[in-house]
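See below for the structure under consideration.
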Amino acid sequence: QVQLVESGGGSVQAGGSLRLSCAASGYTYSRSYMGWFRQAPGKEREGIACINDNGDYTYYADSVKGRVTISRDNVKNTLDLQMNSLKPEDTAMYYCAARTRRIGCGLGADLYDVWGQGTQVTVSS
């Protein structure tokens, strides 16, 4: 069973940091491109970061560039998102996603075929 499980969300004050993690199982993790997305109430799902299969290429949305870092561990089958200098507008449900059938690092939600259940991040001012 292909599964992604996020953890690490929570509440933090503006300017603080959080580290999200995603545990993958049920497929060959090291061959998949991975992404992090977020969705705030009433807004569309936004891709914020992606990483290639071996971790040597990353891409970020302008909204988070310079404040977040995506990384992966292909031995532990985990994906992380380190978020610094958090802002209230970063408040959203955060999801990890896997692209298991094609290669390519992109931020469109339609590119990914496996999704986690999400973890909530709340940033207060």
Side-chain angles (χ1 to χ4, degrees):
Q1 178 183 359
V2 179
Q3 192 173 19
L4 299 175
V5 179
E6 301 95 336
S7 61
S11 297
V12 64
Q13 289 192 327
S17 299
L18 279 175
R19 189 175 184 88
L20 307 183
S21 292
C22 173
S25 60
Y27 72 104
T28 306
Y29 175 73
S30 60
R31 295 182 183 175
S32 66
Y33 283 56
M34 300 294 295
W36 280 101
F37 291 76
R38 66 185 182 185
Q39 188 167 19
K43 294 189 176 181
E44 291 187 357
R45 190 164 295 192
E46 175 192 17
I48 58 173
C50 63
I51 189 168
N52 70 343
D53 50 357
N54 62 20
D56 64 358
Y57 176 80
T58 58
Y59 184 77
Y60 299 94
D62 288 343
S63 58
V64 300
K65 194 175 297 181
R67 298 189 298 120
V68 308
T69 302
I70 186 172
S71 61
R72 66 189 296 162
D73 185 326
N74 285 350
V75 175
K76 297 180 179 179
N77 288 359
T78 57
L79 178 75
D80 287 343
L81 187 72
Q82 177 66 43
M83 303 191 295
N84 301 321
S85 302
L86 284 162
K87 306 174 182 179
E89 51 263 45
D90 294 318
T91 295
M93 185 73 77
Y94 283 70
Y95 301 88
C96 67
R99 196 176 189 190
T100 66
R101 299 171 187 165
R102 293 179 181 267
I103 62 172
C105 191
L107 298 182
D110 59 344
L111 299 175
Y112 295 80
D113 51 274
V114 182
W115 293 82
Q117 84 290 346
T119 186
Q120 178 68 36
V121 171
T122 302
V123 184
S124 58
S125 57

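Keep in mind that what you see is a predicted model, and the values were worked out from it rather than measured.
Of the residues L79, T78, D73, the one that meets the side chain to side chain contact (heavy atoms under 4.5 Å, CB included) test with Y29 is L79.
No donor-acceptor pair under 3.5 Å is formed between the side chain of R31 and the backbone N or O of Y27. With hydrogens and angles ignored, the 3.5 Å screen pairs no side-chain donor or acceptor of Q39 with any backbone N or O of A92.
One finds no salt bridge joining K87 and D90 here, because no Lys/Arg side-chain nitrogen approaches an Asp/Glu carboxylate oxygen to under 4.0 Å.
Both M93 and F37 belong to a common hydrophobic cluster when Ile, Leu, Val, Met, Phe, Trp and Tyr are linked at side-chain heavy-atom distances under 4.5 angstrom. In the hydrophobic clustering of ILVMFWY residues, with side-chain heavy atoms under 4.5 Å counting as a link, V5 and Y94 come out apart.
Around NZ of K76, the count of heavy atoms belonging to other residues, nucleotides or ligands within 6.0 Å does not exceed 12. Heavy atoms of other residues, nucleotides or ligands lying less than 6.0 angstrom from OH of Y60 number more than 12. More than 12 non-hydrogen atoms from other residues, nucleotides or ligands lie less than 6.0 angstrom from CZ of R19.
Looking at every heavy atom in both residues, V114 comes nearest to T100 through CG2-CG2, 4.0 Å. When all heavy atoms are compared, the tightest approach of G106 to Y112 is O-OH, 2.6 Å.
A distance of 9.5 Å separates OH in Y57 from OH in Y33, rounded to the nearest 0.5 Å. The SG atom of C22 lies 10.0 Å from the CD atom of Q3; values are rounded to the nearest 0.5 Å. Of the inter-residue distances, the one linking D80 atom CG with W36 atom CH2 reads 7.5 Å to the nearest 0.5 angstrom. Between atom CZ of residue R99 and atom CD1 of residue I51 there is a gap of 15.0 Å, rounded to the nearest 0.5 Å.
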Check against side-chain hydrogen bond (donor to acceptor under 3.5 Å, both in side chains), Q82 and N84: CA-CA 7 Å; Q82 177 66 43; N84 301 321; 2.9 Å; yes
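Side chains of R38 and V121 form no contact here, defined as non-hydrogen atoms less than 4.5 Å apart.
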